[in-house]
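These values consider heavy atoms only, across backbone and side chains, with no hydrogens, waters or symmetry-generated copies.
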Amino acid sequence: MTGTADVDVDEDSDESTDAMPAGPGGAPAAEPSPEVSLIKDRTIKTPQPTDTETETPERAPAPADGPAPTGVPAQQPAPPGAHGVAGPTGPTGPFEPAEPAEPADDTPHLDVDEPLLAARAHRPSDLIRFLVGVLGIVAVFVLAGVATSTTTGIELDIASNAPRFSPVLTTITGLVSSVAVLAVPLAFAVERLIKRDGLRVADGVLASVLAYGVSLGIDWWVAEGASEHIRDALTRLPLDSNGALTDPVHGYLAPVIAYMTAVGMSSRPRWRVALWVVVVFSGITELLGGFTTPLSLLLTVLIGWSVAYGTLYAIGSPNIRPTGQHLMIGLRKVGFTPASAHRAPDAPGGTRRYFVAQQSGPPLDVHIVDREQQASGFFYRAWRRLRLRSVAVRRSPQSLRQALEQEALIAYAAAASGARAPQLVATSELGPDAAILVYENVEGRTLDDLTDEEVTDQVMASLWESVAALHERRIAHRRLTGESLLVVDEKTACLVNLSGGDIAATDLTLRIDVAQLLTTFALRIGPERAVATANAVLGADRVAQALPLLQPVGLSRSTRVDLKKLAKERKAAAQARALEQVAAGERTQQQAEEDIATAGEDLLSRIRGQILQIAPEAPTETAKLERLKPKTLIMVIALTFAAYLALTTIKPAQLKLSQMDWAWAAAALAAAAFSHVAASMNLIGFVPEKLPFGRTVAAQLAGSFVKLVAPAAIGGMALNTRYLQKAGIRSGQAVASVGASQLANLAGHLLLLFSFGMITGSQTNGDLSASRAVIIGVLSAAVLALVVAAVAPLRRFVLNRLRSLFFGVVPRMLDLMQTPSKLVTGFGGVLLLSLSFTACLDASVHAFGGSISFSAVAVVFLTANAAGSAIPTPGGIGPVEVALIGALTVADVPPAIATPAVFLYRALTFWLPVLPGWISYNVLQRKGAL
């Protein structure tokens, strides 16, 4: 049954439940009858049915003079194995026609139990329109600054053709439009206040005030700070202005446009057309009179539009979503007899649900689809549509009517397929911005609400049978998560939330369904039972076809979150258990690492392993679902960011290339290049396994590119761990090797700092100016350690991080003791890495005429670089430069020399390796080394 319920949900609505008729078409309500109807009360004059008809009733017999009523369900539950889920059943006696009742004077009160809806809603569509408007404003300024010839030519054409219009007509039109552009919004405000819709008027007034303030700010900026090209494109010099330029933004048009946009005139076309007409005429008269420019008019419209939508998104638009009372009114208008309703948990996608009890008839499960719910999650859907191939992403309906028709089509198709799913019994529009879908109410609990013991093989088999029935008709569910699996009893379950499904689905979409349900069950009862149950119902071939789709990107959002949570919990539990067993002597360190590696295997890999056991010939290559990988996007953003920073940070004037000694610069370049070799020695020395030297150097060079998007220490550690894992080293051992390397770096850093500090102090004969950085560094480290030790949450956080990072470091070092050459290589790399950076900075200082000892430069580098890197910016950009320049200045290096020296050092050690690092990163990825 499909109908339309015209329910006004505006705030000034005077609709009430007392004015509603009890039956369809205004007919009097019928007395309750033994007949159980999912639709509505009807007075049907029919003969007494025979005994045969009573046993298996299919539909109420039609009257002789009209068609049979639609939507009346069978009076007995479906037998086991039949399609659908047994809904509420009626009496087993013969059908008794209902007698018409006398019209009631008062409609019973309709009780609705629901939380109050928010008074305001932040719509993503408002944010999108605001961002589009801001981009338009930026485009106007760019056009004004670049296309000067075009804008000047348009202004000259308008000025030359303006005298052709009658001055009297222009004056009259300008006068009328100037008055009307203020009178029309005022009249609309009065009309809204009379209808008690003052909230919208207040929003419009706020938007107009903000638009006026923005207009004043842009006027001031154009007059004082903008370039001459922008000023010429947005202002004019009228003939009678006495030398005063026109305003770049109209002081009254922008607030009027902001007002008319914020009050929501889109639903009132007459007012909207009237106001836009007067705005257009006002702009034309201003343009012909020489008081504005075309770009100024465009800028005015964009400012008013953008400020209005920005205001609406910031404070929220008045919430006009239908409430439970509106739902009850709408149900009565299409013939149901609701008595009470209470809010149920929302369906996926934010669809609101209500359980409705009828005065006569079984309870209903009503879904409300509205425009606010359609707009929610827009940015996530846009990102998924950009990232994934179209076959892996369901296209969202463009309108409310499309959403209603699509969900209804899916529900009817599912019922026809024989799948167990609630029956859709009615649809209706609920005013202009919402629609309802009325389902039969099926009692049960979702899979998420069950304990693991209650997830039986019979329940899973029942769900697999329903999915198989859907797939036979080429219907994809697309949301086979725990909240979409409703368990009715110990053996039966049904599928709900089919609104996201597809009709005529492709093979890939159907296989994604199987992969999703496999993962959903495996999260609850393990991969073994999940695969075994699917194999028993679908067969090995169909289960094997889902193996290439077992990848996180193809699963639902909630499933990806659950997978990450499960992996984190399993790893944490395995590490804690391993620490206890190693401390108790029950397990060796190597056995503990193997246990951790086994526990760290992700769930999808375990599901693949189970599938390969039942179907060894199953395809193992993952299907290509992604159109754009996040790492590709990150790479593009990083290169753009690097180019921007390079152009804005490194300036030839700061480098003073004309005063640079090129011999010292070449020495600095050689030292910077050698640092990658030293970093490779550092990593190789703490890995007992053999690593190719050339590929390791390339990995360290790739780390120079990774530093652009991550702090230097974090990015380098992650890349080295990934490199070791790809080299065949187990995850636990790879982390232990990187941890040992970092621990050695810390020890080497402190050792060099102490040694060079002593040398610097002895060379200065008691003069502490050159070693002041050592004192500052030591005091800073002491204060930081005291803060960490004093704050309990911070202390626990640091200890947990260190424990997970350095777990297995000591056994790893014991393994390295057996090969002294490895230790020499590792610790040699630690010392050479710091010395190469120090040599690069020292050569950079000498390249600009500085005179400072190597030991003093070493102290400056070791203290300032560590202090600057403590601030987690990508690559230490900013803090490192400031710290190095400040430390060199403290060490008596003139700022005129320290500044270009630091910029040269950073250019050689950070910026120059970016492009080779990007090439190395891509090459290593193609070879499977990263």
Side-chain angles (χ1 to χ4, degrees), residues 575 589-590 593 596-597 674-707 710-753 798 801-838 861-862 865-866 869-870 872 875-876 909 913 917 920-921 924 929-930:
Q575 287 181 344
Q589 185 64 39
Q590 184 176 359
E593 292 178 358
I596 294 175
F674 184 75
S675 65
H676 300 288
V677 178
S680 302
M681 295 173 58
N682 181 16
L683 181 62
I684 291 174
F686 292 99
V687 179
E689 294 81 5
K690 185 177 181 180
L691 296 175
F693 186 77
R695 181 169 291 185
T696 306
V697 174
Q700 302 311 303
L701 190 59
S704 302
F705 171 71
V706 176
K707 292 177 185 177
I714 297 176
M717 290 172 58
L719 185 136
N720 285 334
T721 302
R722 180 70 172 173
Y723 171 69
L724 294 180
Q725 290 174 343
K726 288 292 186 178
I729 300 173
R730 291 199 302 268
S731 177
Q733 294 179 346
V735 173
S737 294
V738 174
S741 174
Q742 294 296 316
L743 188 61
N745 281 331
L746 176 62
H749 191 96
L750 295 176
L751 177 62
L752 288 175
L753 180 60
V798 172
R801 289 292 180 179
L802 291 176
R803 185 180 303 164
S804 61
L805 177 63
F806 297 117
F807 176 76
V809 169
V810 174
R812 201 68 166 160
M813 295 294 293
L814 293 176
D815 293 339
L816 292 172
M817 291 292 185
Q818 302 176 5
T819 53
S821 60
K822 283 282 186 179
L823 290 177
V824 173
T825 303
F827 283 104
V830 170
L831 298 177
L832 290 176
L833 182 61
S834 297
L835 291 176
S836 61
F837 282 128
T838 302
F861 166 76
L862 294 172
N865 188 70
S869 300
T909 58
S920 299
Y921 187 85
L924 291 176
L930 277 182

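A heavy-atom distance below 4.5 Å is not found between the side chains of Ser737 and Ile729. The shortest distance between side-chain heavy atoms of Leu751 and Phe827 does not fall below 4.5 Å. With contacts defined as side-chain heavy-atom distances shorter than 4.5 Å, the pair Gln700/Asn720 qualifies. Using a 4.5 Å heavy-atom threshold, the side chains of Leu724 and Leu691 count as touching.
The side chain to side chain donor-acceptor pair (under 3.5 Å) contacts involving residues 820-835 comprise nothing, where partners must be two or more places apart or lie in separate chains.
Expressed to the nearest 0.5 Å, how far CG of Leu719 lies from CZ of Phe705 amounts to 11.0 Å. Taking CZ of Phe674 as the start and CG of Leu832 as the end, the distance is 5.0 Å to the nearest 0.5 Å.
For the pair Ser704 (side chain) and Pro913 (backbone), a donor-acceptor distance under 3.5 Å is absent.
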### Query
Where do Tyr723 and Thr696 land on the side-chain contact (heavy atoms from CB on, under 4.5 Å) test, with the steps shown first?
CA-CA 8 Å; Tyr723 171 69; Thr696 306; 2.9 Å; yes
N/O donor to acceptor pairs below 3.5 angstrom from side-chain atoms of residues 675-685, sequence neighbours left out:
unit_1	atom_1	unit_2	atom_2	d
Ser675	OG	Ala672	O	2.5
Ser680	OG	His676	O	2.9
Ser680	OG	Val697	N	3.3
Asn682	OD1	Ser741	OG	3.2
Asn682	ND2	Ser741	OG	3.4
Asn682	ND2	Asn745	OD1	3.0

